[in-house]
Every structure is written in structure tokens, then in C-alpha cells.
Amino acid sequence: MHQPPTGNHVVNREYINRSLDGQLTGEEWDALRREVVADPELRREYVEKRWLHAQLETEGESLQHLLADRGAPQPGTSQPGTRLRWVAVAAGIGLLLGLGAFLTIGREAAPTMVATLVQAEGCRWEGSELPTKEGARLGVGTLALAQGMATIRFDSGATVTLEAPSVLEVSSEMRCRLVEGSVVADVPESAHGFAIDTDKMEVVDLGTKFGVTTSAVGGSHVFVFDGEVTVNREEMLQPRHLLSGKSLHFGANIPSSPDEEVARVAPPAPTVGTWKAFSTETGRGRDAYIRRGESHSPTGSDPLLMVKHTDLAPGNERRAVLTFDLSGLAPSAVESARLALKVESSGLGFSSLVPHSRFAVYGALDPSLGGWNENRLRWPNAAAFAGEPLDPSRFERLAEFDIPKGSSHDLVEISSEALVRFLRRREDGLATLVLVRETGESDKQGLVHAFASKEHPTSPAPTLWIRTDPVQ
């Protein structure tokens with residue numbers, strides 16, 4: 001085994017000599033790089049020796065021919081043309097090698113760039129590893145979009161539009177992984193085979209425009225706008241081919257196991273006055289959503305409350321129904337109130353196909369409507385909740401709120417004087433609300449909005465915060 005000489009500079013110079021012939025170990029090469037970067041004198045010596053070594057390797061044979069053809073110069077004479085050529089070669093090689101050494105010694109190889117962030121106006125990013133400035137080149141890494149819409153053009157030619165809130169891992173010019181959220185991919189012929197992975201499936205393009213959504217609770221969904229894709233999943237015997245207008249969904253509405261410890265996040269409590277929380281998960285509280293059609297099952301055990309309005313695909317219409325148990329509350333004592341809903345990803349539809357969306361909250365005036373069963377409630381047997389519009393003799397419009405296009409999954413808080421008056425009249429101890437989206441969509445694959453239900457494993461259930469004494 002080679003024993004290096006003693007003395008720091010001696011060791012470094014010996015390492016330089018051995019590096020020219022590729023004799024350094026990985027550990028020795030790393031040590032040399034650190035020293036060369038830190039010591040300008042050593043850096044000059046390294047560049048000079050590297051240049052001389054390269055010159056001898058490249059000019060060795062030509063030097064022999066030069067001596068044979070022209071003969072050795074006589075003492076006291078010179079060959080100006082030869083000398084000038086050697087000076088030019090030496091200067092050129094020295095400049096190139098010196099510059100290359102200066103740029104590359106002491107740092108890792110530059111990352112391979114595979115895409116460009118071509119559009120990111122009005123975006124808010126949280127936790128991204130990659131650059132988020134519009135026009136930035138992207139290597140392998142993660143983009144986390146909290147608000148807005150961003151477009152990435154991969155070097156293969158594929159374009160992916162990311163809809164907030166989403167997390168995307170860029171893997172190569174031909175592949176990315178959607179951790180959560182929604183993307184729409186437009187893939188030209190040059191990028192056939194471009195793939196988007198989720199934890200539930202792999203979608204491989206065959207020349208098309210398609211969308212993919214995924215969420216930890218709502219599952220993964222792919223829809224083909226134009227062309228064809230192949231969908232792979234580990235337990236599938238063979239890939240599924242989807243053509244234009246077709247979709248495939250892998251659900252994940254699976255409650256936590258009984259022995260699993262669940263950490264549920266509570267909504268923030270108001271900081272003024274005496275407030276009390278009434279959640280759909282306490283007492284006689286219930287929550288579910290209904291979907292138009294005969295074939296859809298009750299959703300009382302689902303972790304998401306899905307809401308959608310569309311004139312393009314009536315069977316996709318959805319509404320949420322919430323009931324709060326107000327036992328122990330003196331209705332006349334209600335001073336103020338607010339409804340808190342946690343927005344979640346549904347894993348269904350695309351935000352780019354829905355404008356800024358307005359929602360309305362209606363209160364059930366008829367006490368008999370509070371007796372619905374969440375294990376049996378379906379659109380066909382929920383005529384009162386499914387009315388279009390809702391019967392004004394049985395329901396009162398209490399409030400409205402907006403969810404902007406590409407908004408983050410924040411906690412929505414709704415309050416109004418109408419809500420307070422409604423609660424003051426709840427002598428039966430139950431408050432039943434209906435949540436309706438009033439905004440339609442430009443395509444039947446538009447986004448299905450979702451809110452956490454009382455079965456959601458981590459997010460807070462719908463909660464009514466009620467203050468029963470005045471602000472001091």
C-alpha cells in the first residue's frame with residue numbers, strides 16, 4: 001500500500017502527481033480537492049501540472065514527427081514558426097484547463113437539468129426543494145405548491161400544469177411523481193412514454209392530454225381528455241388502457257383500524273369571549289353527502305364530504321348535510337357563532353376546469369329534517385335536501401363563502417347574523433345545515449370540492465363555535 005510522505009504541502013504535491021495518472025483513492029481525491037480549493041498557490045500548481053501532463057499526452061507523437069521532418073534546431077538557432085505554434089497551443093490549453101479546474105475543482109458535479117418552470121405567476125410555494133422562480137431550470141427534486149397554478153415543461157416536450165395545493169416530485173425528463181394534489185399533462189409525440197406516478201398507480205402516456213389527481217384519503221383518479229394512456233397498478237394482472245373520455249379511480253376511503261391511534265387536529269378556538277364547540281362527531285351529531293342518482297351508496301362513514309354543482313354531468317351533483325347536537329345550550333343565550341370546515345383534496349376532478357367557486361350554507365327550519373340517518377341517506381330518499389332550489393319554506397339561506405381557484409387547503413370559517421338568528425330558534429337541540437356549491441364548471445371533469453368529515457383520520461370535523469356571552 002502506498003505510504004504518503006509527511007508534511008501537509010508535501011502530501012498535497014504528491015497527491016497532485018499521483019492524480020495525473022489516476023492513482024488516488026476516493027478518500028485521497030476528496031482531500032486533495034478540499035486543499036486545492038482552499039490554497040491559491042496549490043491551485044496554480046495543480047493547474048500547471050495538469051496542463052503540462054495533458055500537453056505531453058496530446059503532443060507526444062507530433063513532437064517526434066516534428067523533429068524527424070525538420071531536424072533538431074542547431075545551437076544558437078530557432079524556428080520561429082514552431083515556437084509560435086507551441087506558444088499558441090500552450091496558451092490555449094492552459095487557459096482552457098485553468099478555467100475548467102477553477103470551475104469544477106472542489107464542488108460536486110452540476111445537477112442534471114430536466115425541466116423548466118415556465119409559468120408560476122401568483123403562486124405561493126411551501127417546502128419546495130427546487131427553484132420556484134418563473135423561468136427557472138429544474139433538476140430532480142420536489143415542488144410544493146400551496147396556492148395558484150404552475151406549469152412545468154419537461155425537456156422531453158411534455159407539459160404538466162400543477163394545481164394547488166399539490167406536491168410533485170420531478171424524477172427525469174420522462175417521469176414525475178404526484179405525491180398529492182392534481183396535475184394536467186399535455187404530451188406531444190416527442191414525449192410518448194412520459195409517466196406520472198402516484199402511490200396507487202402509474203400512468204404512462206401514449207400521446208395524449210390527461211389529468212391525474214391523488215390524495216391520502218380520497219384515492220387516485222386519472223381522466224383522459226384526448227388520446228390514450230396505460231394505467232399500471234401492482235395488484236392488476238395486466239395494464240388498463242384508457243381512451244379519450246375514459247377515467248379510472250382507485251378509492252382509498254378506508255377508516256382507520258380500531259386499534260390504530262389517531263391524532264385528530266382540533267380547529268383553533270376563538271380567543272374572545274366564552275366559546276363552546278359543537279362538532280358533528282359529538283352527541284347526536286352526523287355528517288354525510290348525497291350524490292344524484294339511484295346507484296350511489298350512503299356516505300355516512302366516508303372521511304370526506306364532497307360537494308359539486310354541474311349542469312354538464314347531472315349525476316356528479318353532490319351536497320353535504322351536517323347536523324350538530326346543541327344539547328345543553330340555551331338558544332336565547334347565543335351571542336355569535338361561526339361554522340368551521342376544513343378543506344381537503346377529493347382526488348376527483350381538476351381545479352383548472354372550475355372558476356372561483358361560491359358556496360351557500362342553508363339551515364333546515366323544519367325540525368323533522370334533523371332526524372335523518374347517515375347510514376341510509378341517499379339522493380333518492382333525501383328529497384328535501386336534494387331540492388333545486390331548496391324549498392324556502394323549509395330552508396333558510398344563512399351564509400355564503402368563496403373558495404378561489406387553486407387555493408390552499410385551509411380552514412374555512414363562516415359567520416353571519418342569519419346564522420345566529422337560526423341557532424336562537426333551535427329549541428329542539430339540533431341544528432341541521434346543507435352545504436351547496438352554486439358555481440358550475442366548464443367541463444364535466446371539473447373539481448369536486450371536499451371537506452373533512454367526522455371520520456377523517458387527522459383533520460377536524462365540521463364544528464360550530466358558539467359564544468353565549470357578550471364581548472367584555
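The chain is numbered in sequence order, starting from 1.
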Minimum-distance pair of heavy atoms, taken over all atoms of Val118 and Ile152: CG2-N, 4.4 Å
Partner residues of Ser190 under the side-chain hydrogen bond (donor to acceptor under 3.5 Å, both in side chains) criterion, sequence neighbours left out: none
For residues 169-177, tabulate all N or O donor-acceptor pairs below 3.5 Å that involve a side-chain atom, not counting sequence neighbours.
unit_1, atom_1, unit_2, atom_2, d
Ser172, OG, Met174, N, 3.2
Ser172, OG, Arg175, N, 3.3
Arg175, NH1, Asp197, OD1, 2.9
Arg175, NH1, Asp197, OD2, 2.8
Arg175, NH1, Glu202, OE2, 3.0
Arg175, NH2, Glu202, OE2, 3.0

Crowding at CZ, Arg425 (>12 non-hydrogen neighbours, <6.0 Å): yes
Ring geometry between Phe401 and Phe451 (parallel below 30°, tilted from 30 to 60°, perpendicular above 60°): perpendicular
Arg426 charged N/C atom sitting above Phe422 aromatic ring, 6.0 Å / 45°: yes
Exceeds 12 heavy-atom contacts within 6.0 angstrom, atom CD of Glu400: yes
Heavy-atom check, side chain of Pro462 versus side chain of Leu305, under 4.5 Å: yes
Which pairs would a plain distance check flag for residues 361-371, meaning a side-chain donor or acceptor within less than 3.5 Å of a matching protein atom at least two apart in sequence or in another chain?
unit_1, atom_1, unit_2, atom_2, d
Tyr362, OH, Arg397, NH1, 3.2
Asp366, OD1, Ser368, N, 3.0
Asp366, OD1, Ser368, OG, 2.8
Asp366, OD2, Ser368, OG, 3.1
Asp366, OD2, Arg394, NE, 3.4
Asp366, OD2, Arg394, NH2, 2.9

Heavy atoms from other residues, nucleotides or ligands near CZ of Arg153 exceed 12 (cutoff 6.0 Å): no
Derivation and outcome, side chain to side chain donor-acceptor pair (under 3.5 Å), residues Thr213 and Ser182: CA-CA 4 Å; Thr213 69; Ser182 302; 4.8 Å; no
Arg292 vs Asn316, side chain to side chain donor-acceptor pair (under 3.5 Å): CA-CA, chis, key distance, verdict: CA-CA 7 Å; Arg292 185 192 299 276; Asn316 288 332; over 6 Å; no
Flag if over 12 foreign heavy atoms under 6.0 Å of CD, Gln238: no
Nearest non-hydrogen partners of Val334 and Arg424, listed with the distance: O-NE, 2.9 Å
Sidechain N-carboxylate O distance under 4.0 Å for Glu438, Arg358: no
Arg291 side chain vs Gly315 backbone, donor-acceptor pair below 3.5 Å: yes
Backbone of Met149 reached by a side-chain donor or acceptor of Lys405 within 3.5 Å: no
Nearest atoms (heavy-atom pairs only) where Arg318 meets Met306: CB-O, 3.3 Å
Ile196 to Ala185 - nearest heavy-atom pair and separation: CD1-CB, 3.9 Å
